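Dropping the structure in here first, questions after.
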Protein chains: 2
Amino acid sequence: MKKIAIAGLGTVGGGVARLLTDNRKVLMNNTGEEITLGAVLVRSIKTDSEYAHLMTTDFSDIENDPSISIVVEAIGGVDAPFEIACRALKAGKAFITANKALVAEKGDILHALAKENNVPFLFEAACGGGMPIIRPIRTCLTSTDINYVYGILNATSNFILSEMDKGSTYDEAVKEAQVRGYAEADPSADVDGIDSVRKLSIILSMITGKKASPDDIRTVGITKLKDTCGGRVKLLARACINDGKVCAEVSPVLLPEGDVLTCVPSDRNGIVVRGAGSMETAYFGVGAGAIPTASAILADVVEAVKRPEYSGECAWTGEKLVISPWQDDSLPEYRS
Amino acid sequence: MKKIAIAGLGTVGGGVARLLTDNRKVLMNNTGEEITLGAVLVRSIKTDSEYAHLMTTDFSDIENDPSISIVVEAIGGVDAPFEIACRALKAGKAFITANKALVAEKGDILHALAKENNVPFLFEAACGGGMPIIRPIRTCLTSTDINYVYGILNATSNFILSEMDKGSTYDEAVKEAQVRGYAEADPSADVDGIDSVRKLSIILSMITGKKASPDDIRTVGITKLKDTCGGRVKLLARACINDGKVCAEVSPVLLPEGDVLTCVPSDRNGIVVRGAGSMETAYFGVGAGAIPTASAILADVVEAVKRPEYSGECAWTGEKLVISPWQDDSLPEYRS
């Protein structure tokens, strides 16, 4: 039996807890182990919750519990998750998260700590929810240098653009996104491209081994767009890497006709990865929502159970990655 | 240092040998090891080949060489590759192949042998060349039951359909495919759907743990097609799995407008995988050609070097998978 702890029981944390039960059989089949919920870290105990008996407001209860081998962080923000991450890793527990801000800002430190304590540090869900990209970079694309990536990494803004494509104005589309729960009351992280650039910086850090900072990547969101050109305008995160020189940008782009990313529907993410020798692969998935994100987190849990040591794949140090403005003729910014 | 042997030095084998040199640095970065070519099994020694000094016509030279830890099979057919595979695995060497006929027919036996000898048995390139699908099923989609897959798994027929879409007749398109080296003198394995159904049966075996036989899957190729409906008619391998009941078929299908697979260009493969809880992911890649296939093989080599034991992921036994005809209302066969 393997016990996991979840920090935070919101949308994502609740989804993980639920899937642990719903998908118990396939998790058992794929790991050979019964994986159960050992504890839940919350701000205050909810006595009427089905998880009340597992709740604690003190991470020490989890940190010092030798029966818990994996911590899943689903709190959000950076400071508290970072503290939890460090304490979990130092306590010899695998640390798994979907928190892109945490991974973008502190991933180098967490990799070092995970290595030092020889435990997994995994974050598949941090770069596109249910769209696989982290594990493909770590394990599928290992024989070729990656030199070009471009993708739709934020499902909320993609939904808004899809609504605009159907005739809504920008404001109507944002409102619909909020009604459906795809966007927060303050949607700026999504519509300003902040979410996308964090994810792009994680991907660049993985590819280059150096720390890419979102602050170094020019980011333009979708708030000024008037026209989506029949579904071909997408908020595109992109980077190219040539002879160690990295260019990157997040901005709206008019995709060429027939480009595979024009087929990414409104709640999906998609990313194209190219490499030397005409290597090209693409990955699509459901970019947001409790269950797709929780599924990706649980795939990380499966890996942590099957391989409970630090993998070292695509780690990065604190050495700053120098990033130049996007200069490629392909995929220029689109201004409507 | 890790030494590999390649059986067969045709298009794929030659591609692997070349990439071992061209991509030496990234292979070293990702494994921590220098990976070199230790031997090449050929039918007759070519004294003017750059690999002449490594050539042998006797597999015993490889089998009994303790310095060789990985065998890559690139001969084609079933009988000789099967003998090589068994001998390699029994000699404690990892076995890697792109040979879909071998994996479809003998995969259960090879899994058992690999397990018995605790060495890797890997075949990423067997189901779509450079399109990742084997590793995603093994490692990304491990937390959810897969219940629906559909994909374009044969690049040659996809190329032919793309040419027809541009105005060529079927015969003209086949000829162009042959000129470009996308199709053999006898293209039936591609145009009759045989290649696709072998790949589908491997995927089904992996998902269900039982042996799917291509003979049990209704297969209709593209030879009778007159109309490709603006690029929406594709040769589609598809299967659905519900409560243990499996339906499957390979045949031309008129895809719904906007379906992501309508964006799979002529030399690409693409596959959509759905699971419980609205999980949906899709994977695209370059379906054929020496370098994409060799890249996928070398990603398997990287895994075999980093994890030189049997993984057991998505293995299947010889127990026959019962497959029913395609009964789903979605994606019916298209007859023009």
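Residue numbering restarts at 1 for every chain, and letters A, B, ... go by the order of the sequence lines. Quantities reported herein were computed from a predicted structural model and do not represent experimental measurements.
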| query | In terms of heavy-atom proximity below 4.5 Å to chain A, should Val260(B) be classed as side chain, backbone, both, or neither? | reply | both

| For the candidates Gly32(A), Gly312(A), Pro132(A), Ala276(A), which exhibits the highest count of non-hydrogen atom pairs separated by less than 4.5 Å from chain B? | Pro132(A)

| note | Separation between CD1 (Ile70(B)) and CZ (Phe95(B)), nearest 0.5 Å, reads 12.5 Å

| field | Val272(B) vs Val149(B), side chain to side chain contact (heavy atoms under 4.5 Å, CB included): CA-CA, chis, key distance, verdict | value | CA-CA 6 Å; Val272(B) 179; Val149(B) 301; over 6 Å; no

| request: Could you tell me which residues satisfy disulfide bond (SG atoms under 2.5 Å apart) with Cys263(A), sequence neighbours excluded, listed by chain and number? | output: Cys263(B)

| remark: dist Cys229(A):SG -> Leu254(A):CG (nearest 0.5 Å) comes out at 5.0 Å

| task | Answer whether the closest heavy-atom distance between the side chains of Val233(A) and Leu255(A) falls below 4.5 Å. | result | no

| task | Go through the atoms of Val286(A) and report whether side chain, backbone, both or neither lie under 4.5 Å from a heavy atom of chain B. | result | both

| note | With chain B, the option among Pro265(A), Cys140(A), Cys314(A) that has the most non-hydrogen atom pairs under 4.5 Å is Cys140(A)

| Where do Ile207(B) and Val246(B) land on the side chain to side chain contact (heavy atoms under 4.5 Å, CB included) test, with the steps shown first? | CA-CA 11 Å; Ile207(B) 291 171; Val246(B) 178; over 6 Å; no

| said: The test is side chain to side chain contact (heavy atoms under 4.5 Å, CB included); show your working for Ile271(B) and Leu261(B) and say whether it passes. | reply: CA-CA 7 Å; Ile271(B) 186 167; Leu261(B) 293 190; 6.0 Å; no

Show me the donor-acceptor pairs under 3.5 Å between chain B and chain A.
{"from": "Asn23(B)", "atom 1": "ND2", "to": "Ser143(A)", "atom 2": "O", "distance (Å)": "2.6"}
{"from": "Asn30(B)", "atom 1": "ND2", "to": "Thr142(A)", "atom 2": "O", "distance (Å)": "2.8"}
{"from": "Thr142(B)", "atom 1": "O", "to": "Asn30(A)", "atom 2": "ND2", "distance (Å)": "2.7"}
{"from": "Ser143(B)", "atom 1": "O", "to": "Asn23(A)", "atom 2": "ND2", "distance (Å)": "2.6"}
{"from": "Ser143(B)", "atom 1": "OG", "to": "Ser295(A)", "atom 2": "O", "distance (Å)": "2.8"}
{"from": "Arg268(B)", "atom 1": "NH2", "to": "Glu280(A)", "atom 2": "OE1", "distance (Å)": "3.4"}
{"from": "Arg268(B)", "atom 1": "NH2", "to": "Glu280(A)", "atom 2": "OE2", "distance (Å)": "3.1"}
{"from": "Glu280(B)", "atom 1": "OE1", "to": "Arg268(A)", "atom 2": "NH2", "distance (Å)": "3.4"}
{"from": "Glu280(B)", "atom 1": "OE2", "to": "Arg268(A)", "atom 2": "NH2", "distance (Å)": "3.1"}
{"from": "Ala282(B)", "atom 1": "N", "to": "Phe284(A)", "atom 2": "O", "distance (Å)": "3.0"}
{"from": "Ala282(B)", "atom 1": "O", "to": "Phe284(A)", "atom 2": "N", "distance (Å)": "2.8"}
{"from": "Phe284(B)", "atom 1": "N", "to": "Ala282(A)", "atom 2": "O", "distance (Å)": "2.8"}
{"from": "Phe284(B)", "atom 1": "O", "to": "Ala282(A)", "atom 2": "N", "distance (Å)": "3.0"}
{"from": "Ser295(B)", "atom 1": "O", "to": "Ser143(A)", "atom 2": "OG", "distance (Å)": "2.8"}
{"from": "Lys306(B)", "atom 1": "NZ", "to": "Glu313(A)", "atom 2": "OE2", "distance (Å)": "2.7"}
{"from": "Glu313(B)", "atom 1": "OE2", "to": "Lys306(A)", "atom 2": "NZ", "distance (Å)": "2.7"}

| query | Could you walk me through whether Ile4(A) and Leu37(A) pass the side chain to side chain contact (heavy atoms under 4.5 Å, CB included) check? | reply | CA-CA 5 Å; Ile4(A) 85 169; Leu37(A) 187 54; 4.2 Å; yes

| Most contacts with chain B, counted as non-hydrogen pairs under 4.5 angstrom, among Leu20(A), Val26(A), Ile134(A) | Val26(A)

